[in-house]
Amino acid sequence: MQQIRELWKKIVEEELEAYGLELLGSNEPIRAAGELTLQKPPKPEMGDIAFPLFTYAKALKSSPQQIAQTLKERLSKRSDLPKGEVLTAGPYLNIKVDVTQLAERLYREVLSEGERFGSNQTLAGKRVMVEFSCPNTNKPLHLGHLRNDALGESISAILKANGAEVHKVSLINNRGIHICKSMLAYQKFANGETPESSGLKGDHLVGKYYVLFSQWEKEDPNAILEAQEMLRQWEEGNPVVMELWEKMNRWTIDGLNQTYAKTGVSFDRYYYESDTYLQGREAVLKGLKEGVFYKEADGSIWIDLSDINLDKKVLLRSDGTSLYLTQDIGTALARHVDWPFDALIYVVASEQQYHFKVLFHVLKRLGCDWAEDLHHLSYGMVNLPDGKMKSREGTIVDADNLFDQLTELAKGEIKAKEREDLVGDVQQTSEAIALGALNYYLLQTTPTKDMVFNPAESISFNGNTGPYLQYMGARIISMLRKGEEEGLTTESLPFDSSLLSLQEERELIKLVALYGEVVEEAAKEFNPALIATFLYDLSRLFSKYYHDHPILKAGEPALVKGRIALVTMVLQVFKNAYKLLGIPFLETM
RNA sequence: GCGCCAAUAGCUCAGUUGGAUAGAGCAACAGCCUUCUAAGCUGUGGGUCAGAGGUUCGAAUCCUCUUUGGCGUACCA
């Protein structure tokens, strides 16, 4: 589609310049008016490409309407005009492109490329590291993590589809005062409770004691002091504390891994804060020696960021312990050694924009020329319909709980439709629907924007939702299966795309052609929502098409073949695009 | 206070090199199942694109100011 657009643009440009030259004796005024803009007409029947001609009115001393007319006439005299129709609509020159050749090319591509259809090599040879999730080991995942995970997985898949070599990494935040809080509460109140004895998932068990600590803290001012003491003991490597730490970390990580397994999240490599905070400290001390940083009288180490209009920032506390920023410096350095990258993308909430601005600059000052290759993919907060999620008020939406609720609702729907036997494994199908619902809901909003997560809406099976998309795929499979069962064979027939002359068919072909461009754009903008929007458009159009027009019973075998070919193309786009958004493809639902 | 970001239908969101009558979904109402899954399709109503200026042939889109909201501005993460 892109090539077709470029071709028409070039031709119209040539004609415009030739016209200008004849009329004015020079094509300078045309060029001065700027490059020809190209857009899409508001309605499909008006054509596929539109050239607004307002800008040339002055230079050509003529109305845009008149220019459009003249261009249309001039174009009709050209012998090298590509197939298609030239239209005028007031001040616009519109082109209705010929989709029959396009359809045949696309069909060949779909058949030969299969699951690679729509991907490209724009980022071939590029090594991109994507950091996301980064859980704490003191509590289970919540809704905010789910957006982070969905984005991280999706961006990774999108970059891969653009040819990049992608390395997914996570940083486990397993160290610090917040970790000690859950440990201390456990030591005090647990009586040796374990995931096995309690039947609780490990991360939820540890989270329970983190919550208990907060309650205790309110009643007893010593609580925080004891936690601080425990942190000191941890840093000294006190064996009792270390043992507890390792045990509870294992519980949490086991629990998190169960959640990841359900939600389709995985990593190529983990980093642990308990390792990287030491590396960060070394880097800061080295930077101090080299004069990049300076030391205050109390022993704390600072960087002056006035060169980028920011304040001073602490890198190492006066007692020598490290901060959030310190360990992120260590992590970045370690990663660049482990897997030298062309880009590192941090998928982290927008509230940390300032942090990353500082981090990137500190690395630059430390002499890392690759600091230029670091990007913060800053995504907005997830709010609830009645406001912010607040742990204090217990309005945090737990990830496991949410996923289970969605699964139950999907299950209920399958039962209500009496489709248990048809779908086979009801539990597995319900989980796939729940995951599709969740990922689509979280990815359909532009990443940078805050969003409202409406649980009731997310689980709805009507409208702009994951299950609606999954349903389209399942319907196509069902239809094709039915065709086979009825002994319909069209494989030997040639595909005559000129038979696809309905408005909807033209539109579907163009959308199939557009898919590859959307994949490229999504990578350029780090925006999976572009794919979500595209998928929904395709779904709606397809839904209407197959509702209004029979496929298997289209009549003439050649037409049946043509429509099945079209459906095959749409199906492949669905399958490929679902993967980029973490929506499981279901053959039956 | 300062910095960054946002504001589009009752609600949730699309709408980017500035272009044609600002679009979807949900919710409401009204239709459509002896026919490829009705988890669907069709239709109706619903807008001062926060407000005011400016640039432009043309502004939801660019600039300025104002209002409202979010986030940040920690020897927290």
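In what follows, chains are A, B, ... by sequence order, proteins preceding strands, each numbered from 1.
Annotation: of the two residues near RNA chain B, A:Gln352 and A:Ala89, the 5′-most nearest-nucleotide partner is A:Ala89.
The aromatic rings of A:His549 and A:Tyr545 sit tilted relative to each other, their planes meeting at an angle between 30° and 60°. Taking the six-membered ring where tryptophan is involved, the planes of A:Tyr324 and A:His355 are essentially parallel, since the angle between them stays under 30° and well short of 60°. Relative ring orientation between A:Phe574 and A:Phe542 is described as perpendicular, the plane-to-plane angle rising above 60° on a 0-90° scale split at 30° and 60°.
Between the CZ atom of A:Phe51 and the C1' atom of B:A20 there is a distance of 16 Å, given to the nearest Å. Between the C1' atom of B:U37 and the CG atom of A:Asp421 lies a distance of 15 Å, rounded to the nearest Å. To the nearest angstrom, C1' of B:G72 lies 13 Å from CG of A:Asp311. To the nearest angstrom, P of B:C36 lies 15 Å from CG of A:Leu480.
Remark: the separation of the C1' atoms in B:C32 and B:A14 is 28 Å, to the nearest Å. Between the P atoms of B:G3 and B:A74, the separation comes to 15 Å (whole Å). B:G40 and B:U35 are spaced 15 Å apart, taking the C1' atom of each and rounding to whole Å. B:U61 and B:A20 are spaced 16 Å apart, taking the C1' atom of each and rounding to whole Å. Separating the C1' atom of B:G25 from that of B:U8 is a span of 15 Å, rounded to the nearest Å. Taking atom C1' on both nucleotides, B:U55 is separated from B:G46 by 33 Å, rounded to a whole Å. On the P atoms, B:C13 is 16 Å away from B:G70, given to the nearest whole Å. Spacing of C1' atoms, B:C29 relative to B:U56, comes out at 43 Å, to the nearest Å.
A:Ile414 comes within 4.0 angstrom of a base, heavy atoms only. As judged by a 4.0 angstrom heavy-atom cut-off over every strand, A:Leu552 is placed among the base-contacting residues. Using a 4.0 Å heavy-atom cutoff across all strands shown, A:Ala416 reaches no nucleic acid atom at all. Looking at heavy-atom distances under 4.0 Å, A:Pro64 makes no contact with the nucleic acid at all. Within 4.0 Å of A:Pro550, counting heavy atoms only, lies at least one base atom of the nucleic acid. Note on A:Asp328: nothing from the nucleic acid sits closer than 4.0 angstrom, heavy atoms only. If you check every strand for non-hydrogen atoms under 4.0 Å, A:Ala349 touches nothing. Among the atoms of the strands shown, base atoms are found under 4.0 Å from some heavy atom of A:Thr588. In this structure, A:Ile177 reaches neither bases nor backbone, as no heavy-atom distance under 4.0 Å exists between it and the strands shown.
A donor-acceptor pair under 3.5 Å is absent between the side-chain atoms of A:His376 and the main chain of A:Lys357, judged by distance alone. In this structure, A:Thr326 contributes its side chain and A:Leu315 its backbone to a donor-acceptor pair below 3.5 Å.
For the pair A:Glu486 and A:Lys553, the salt-bridge criterion is not met [side-chain N within less than 4.0 Å of a carboxylate O].
Distances shorter than 4.0 Å separate none of the side-chain N or O atoms of A:Ser460 from OP1 or OP2 on B:C26.
The salt bridge (Lys or Arg N to Asp or Glu O under 4.0 Å) check on A:Arg147 picks up nothing, with sequence neighbours excluded. Residues passing the salt bridge (Lys or Arg N to Asp or Glu O under 4.0 Å) test with A:Glu217: none are found, sequence neighbours excluded. With sequence neighbours left out, the salt bridge (Lys or Arg N to Asp or Glu O under 4.0 Å) criterion links A:Glu431 to A:Lys262. With sequence neighbours left out, the salt bridge (Lys or Arg N to Asp or Glu O under 4.0 Å) criterion links A:Glu587 to no other residue.
When distances run from any side-chain atom of A:Met479 to the nucleotides B:G72, B:C36, B:A77, the shortest one goes to B:C36. Checked against B:A77, B:U37, B:A24, the side chain of A:Ala474 finds its nearest nucleotide in B:U37.
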Polar pairs (N or O, both sides) under 3.5 Å between protein and nucleotides 11-17 of chain B?
unit_1: B:C13; atom_1: OP1; unit_2: A:Val452; atom_2: N; d: 2.6
unit_1: B:A14; atom_1: OP1; unit_2: A:Thr446; atom_2: N; d: 2.7
unit_1: B:A14; atom_1: OP1; unit_2: A:Thr446; atom_2: OG1; d: 2.6
unit_1: B:A14; atom_1: OP2; unit_2: A:Lys449; atom_2: NZ; d: 3.1

With the criterion being N/O to N/O and under 3.5 Å, what pairs connect the protein with nucleotides 2-4 of chain B, and how long is each?
unit_1: B:C4; atom_1: O2'; unit_2: A:Gln353; atom_2: OE1; d: 3.3

Return the polar atom pairs (N/O with N/O) between nucleotides 40-46 of chain B and the protein under 3.5 Å, or none.
unit_1: B:G40; atom_1: OP1; unit_2: A:Phe461; atom_2: O; d: 3.2
unit_1: B:G40; atom_1: OP1; unit_2: A:Asn462; atom_2: OD1; d: 3.3
unit_1: B:G40; atom_1: OP2; unit_2: A:Asn462; atom_2: OD1; d: 2.1
unit_1: B:G40; atom_1: O3'; unit_2: A:Ser543; atom_2: OG; d: 3.1
unit_1: B:C41; atom_1: OP1; unit_2: A:Tyr468; atom_2: OH; d: 2.7
unit_1: B:C41; atom_1: OP1; unit_2: A:Ser543; atom_2: OG; d: 3.1
unit_1: B:C41; atom_1: O2'; unit_2: A:His547; atom_2: ND1; d: 3.1

Please tabulate, one pair per line, each protein N/O and nucleotide N/O from nucleotides 56-60 of chain B that are separated by under 3.5 Å, including the distance.
unit_1: B:C57; atom_1: OP1; unit_2: A:Lys58; atom_2: NZ; d: 3.3

Taking distance alone, no hydrogens or angles, what donor-acceptor pairs closer than 3.5 Å link side-chain atoms of residues 136-143 of chain A to residues at least two apart or in another chain?
unit_1: A:Thr137; atom_1: OG1; unit_2: A:Asn249; atom_2: OD1; d: 2.9
unit_1: A:Asn138; atom_1: ND2; unit_2: A:His178; atom_2: O; d: 3.4
unit_1: A:His142; atom_1: ND1; unit_2: A:Gly144; atom_2: N; d: 2.9

Distance-only donor-acceptor hits, side chain of residues 445-456 of chain A, under 3.5 Å, sequence neighbours excluded:
unit_1: A:Asp450; atom_1: OD1; unit_2: A:Met381; atom_2: N; d: 2.9
unit_1: A:Asn454; atom_1: OD1; unit_2: A:Ala456; atom_2: N; d: 3.0
unit_1: A:Asn454; atom_1: OD1; unit_2: A:Glu457; atom_2: N; d: 3.2

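Taking syn as a glycosidic angle within 90° of 0, B:C33 qualifies as syn.
B:C62: Watson-Crick or G-U partner is B:G54, with both key distances under 3.5 Å. In this structure, B:U37 forms no base pair with any nucleotide, since neither Watson-Crick nor G-U wobble geometry is met with both distances under 3.5 Å. Pair assignment for B:A74 gives none, since no Watson-Crick or G-U wobble pairing has each distance under 3.5 Å. Within the shown strands, B:C5 is the pairing partner of B:G69 under the Watson-Crick or G-U definition, both distances less than 3.5 Å. Across all strands shown, B:G43 forms a Watson-Crick or G-U wobble pair with B:C29, both key distances being under 3.5 Å.
A ring pair (Phe, Tyr, Trp, His ring centres under 6.0 Å) check over residues 35-67 of chain A, counting only residues at least two apart or in different chains, returns the pairs A:Phe54-A:Tyr92. Here salt bridge (charged side-chain N to carboxylate O under 4.0 Å, His left out) pairs that include residues 406-416 of chain A, with residues two or more places apart or in two chains, are A:Glu408-A:Lys411.
Judged by distance alone, the side chains of A:Tyr277 and A:Arg281 never bring a donor and an acceptor atom under 3.5 Å apart.
Taking the six-membered ring wherever Trp is involved, the centroid distance between the rings of A:Tyr440 and A:Tyr468 does not fall below 6.0 Å.
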Take A:Trp245 and A:Ser274 through the test side-chain contact (heavy atoms from CB on, under 4.5 Å) and record every step on the way to the result.
CA-CA 11 Å; A:Trp245 176 70; A:Ser274 53; 3.7 Å; yes

